[in-house]
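Report on one structure; see the data block that follows.
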Amino acid sequence: MTAKKPANKSGIAKAWGGVFTEATDKRMELFSESISYDYRLYKEDIAGSIAHARMLSDVGLVTAKEFGQIQKNLKEIEKEIEAGNFEYTTEKEDIHMHIEAELIRRLGDVGRKLHTARSRNDQISTDTRLWVRGAIDRLCVLLRDLQKAFVGRCDRDLDVIIPGYTHTQRAQPVLAPHYWLSYCEKFERDLQRLLDCRKRVNVLSLGAAACAGTSLPIDRAKTAEYLGFEKVGRNSLDISGDRDFVIEFAFDLAQIAIHLSGWAEEWIWWSTCEFNFIKLPQAFCTGSSIMPQKVNPDTLELIRGKTARVVGNLQSLLVLMKGLPQAYNRDMQEDKEPIFDSFDTVSASLELAAPLAARAELNREAIASRIDAGYLDATSLMEYLIRAGVPQRSAHGIVGHLVRAAMTRGIRLSEIPLDEMRRYAPQIDADVYDYLDADGAVRAMKSYGSTAPAEVKKQIRRWKKQLGE
Ligand code: ARG
């Protein structure tokens, strides 16, 4: 007696055949399909299949001729997909089944050999790893572009002093390039974090088969070599269900989004009438439909706003994986949309951030006209006293009194006459004025990593060298 193949209304047989006597419920089919988003993995799926088939031919599970046919047809299918001539249907559930079904349609029994010693669990894990690896490489380029945008304006802005804030209160003066490079540092950590994640992504899972491995004589080291994976997963149970790398990648994206969001927040404030530090390029702003004068910082607002979904995606993935038993569970299908979305969102944000960072104009006069408000040089005066032998706590108190005296008269510290200063601290000499006001305070800086002009210049040189600029 031959088994009756279950077929749905469209007559498409499922890959599982045999044991089923009932066709899949249409509602279940719609509920469980992933082709509507995992079509994005077609390139990775085909690359994985070609590498797998090549290995199968190495070990004699398919002939060299069969491998040649499989490879040729998979490449043709890839071209068809790219040309938009490939038909997707929810009946074929996911990208793996679409491509395999087409191969079988073209090659018959030879096509039916491709799935030897392989499961879809293998395929989805391999495809996802390949995709994340490519996404990491793209993000590294985008992060470098953004760093170049910041470094590219350092020389031009070298003479600009801006207030450094803590608690959003004016704190100490810093060179504008010191601020630009502070973001380069954050994005460098993001990049290094991605490269570190890449090591754990770049592991071959293919060959774990369903979860226990296979009794067929496959050579996983070969498959790894063909796909450029640095390592081979050592334990089939573990590697088939491992999605740590997905969560890690989602975190790395969330961290980039958070850095971008903080920057966007600052520049939104900077572009206000109240701050008036910066003029944003109009190409990245929009107007208001009711207020004719408005030029709104929408790009920055959306970079900040879209951080919410990127953080949400990380949360979704953590909750998705919580409490899952070992090896593959269908739940894991839900991991694709969050990382696709996080990647799309963060890469689009980075693509906009770079030209925006490069092109925004500093309102030099407006910044300079108010740079000496807020006693940004108070710490500089305190350190002057420390150098003159006054203990830090006492120096802090003395300068506090001087600031208060200046405040009540609405003057700067540098406007207090020398003899009056000496009444507070006899150690003060006429050279004190060299250390006051924003530029005096900046010039007085010395420490490594500080905003001292010499240190900042060194860092600019170092960054240019690192970025090959
Ligand atoms: N579409 C599935 C996913 O994204 C991969 C297929 C594995 N499915 C299965 N029933 N074993 O996770």
Side-chain angles (χ1 to χ4, degrees), residues 6 8 12-20 22-49 52 81 86 88-104 114-135 201 203-214 227 233 236-247 249-250 313 316-344:
N8 53 31
I12 292 171
K14 295 287 185 193
W16 40 84
V19 79
F20 281 76
E22 208 184 354
T24 315
D25 188 292
K26 197 75 198 162
R27 288 164 297 188
M28 164 53 182
E29 212 160 71
L30 285 175
F31 186 64
S32 64
E33 67 83 25
S34 55
I35 189 62
S36 56
Y37 48 87
D38 69 17
Y39 72 90
R40 285 180 67 160
L41 299 173
Y42 76 90
K43 239 186 185 349
E44 290 76 10
D45 201 68
I46 287 172
S49 287
H52 181 67
I81 294 176
F86 194 80
Y88 296 113
T89 131
T90 50
E91 279 115 27
K92 275 185 259 164
E93 210 177 288
D94 58 28
I95 190 63
H96 325 303
M97 307 243 259
H98 274 80
I99 291 170
E100 194 192 354
E102 175 59 14
L103 190 74
I104 292 172
L114 174 62
H115 213 52
T116 304
R118 182 178 87 165
S119 71
R120 276 195 296 153
N121 307 348
D122 268 339
Q123 278 183 280
I124 192 56
S125 156
T126 306
D127 294 3
T128 309
R129 284 175 185 274
L130 289 172
W131 184 86
V132 171
R133 191 175 73 184
V201 170
V203 179
L204 179 87
S205 47
L206 196 55
C211 69
T214 172
L227 290 170
S236 60
L237 266 184
D238 166 59
I239 202 74
S240 56
D242 171 26
R243 294 294 183 276
D244 300 3
F245 71 97
V246 171
I247 295 176
F249 178 57
N313 289 335
S316 296
L317 288 166
L318 286 164
V319 178
L320 172 69
M321 295 306 293
K322 176 195 165 293
L324 282 193
Q326 193 64 289
Y328 182 82
N329 296 274
R330 188 64 181 272
D331 315 45
M332 292 173 185
Q333 179 169 299
E334 292 287 310
D335 69 355
K336 253 73 70 197
E337 284 172 295
I339 48 166
F340 288 167
D341 182 62
S342 286
F343 171 73
D344 292 345

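For the single chain, residues carry numbers from 1 onward in sequence order. Order of appearance sets the numbers: ligands from 1, and atoms from 1 within every ligand. Note that the structure is predicted; figures quoted are calculated from it, not measured. No hydrogens, no waters, no symmetry mates; every other heavy atom, side chains included, goes into these values.
A salt bridge does not link Arg120 to Glu100: none of the charged nitrogens lies less than 4.0 Å from a carboxylate oxygen. Electrostatic pairing of Asp335 and Arg243 counts as a salt bridge here, judged by a charged N lying under 4.0 Å from a carboxylate O. Taking the charged nitrogens against the carboxylate oxygens, Asp242 and Arg129 do have a contact shorter than 4.0 Å, which makes a salt bridge.
Remark: Glu44 pairs with no residue by the side-chain hydrogen bond (donor to acceptor under 3.5 Å, both in side chains) rule, at least two apart or across chains.
Ring pair Phe340/Trp131 is perpendicular by interplanar angle, where above 60° counts as perpendicular and below 30° as parallel.
Formation of a donor-acceptor pair under 3.5 Å by the Ser125 side chain with backbone atoms of Asn121 is not found in this model.
A heavy-atom cutoff of 4.0 Å around ligand 1 is satisfied by the protein residues Ser34, Asp94, His96, Arg120, Asn121, Ile124, Tyr328, Gln333, Lys336.
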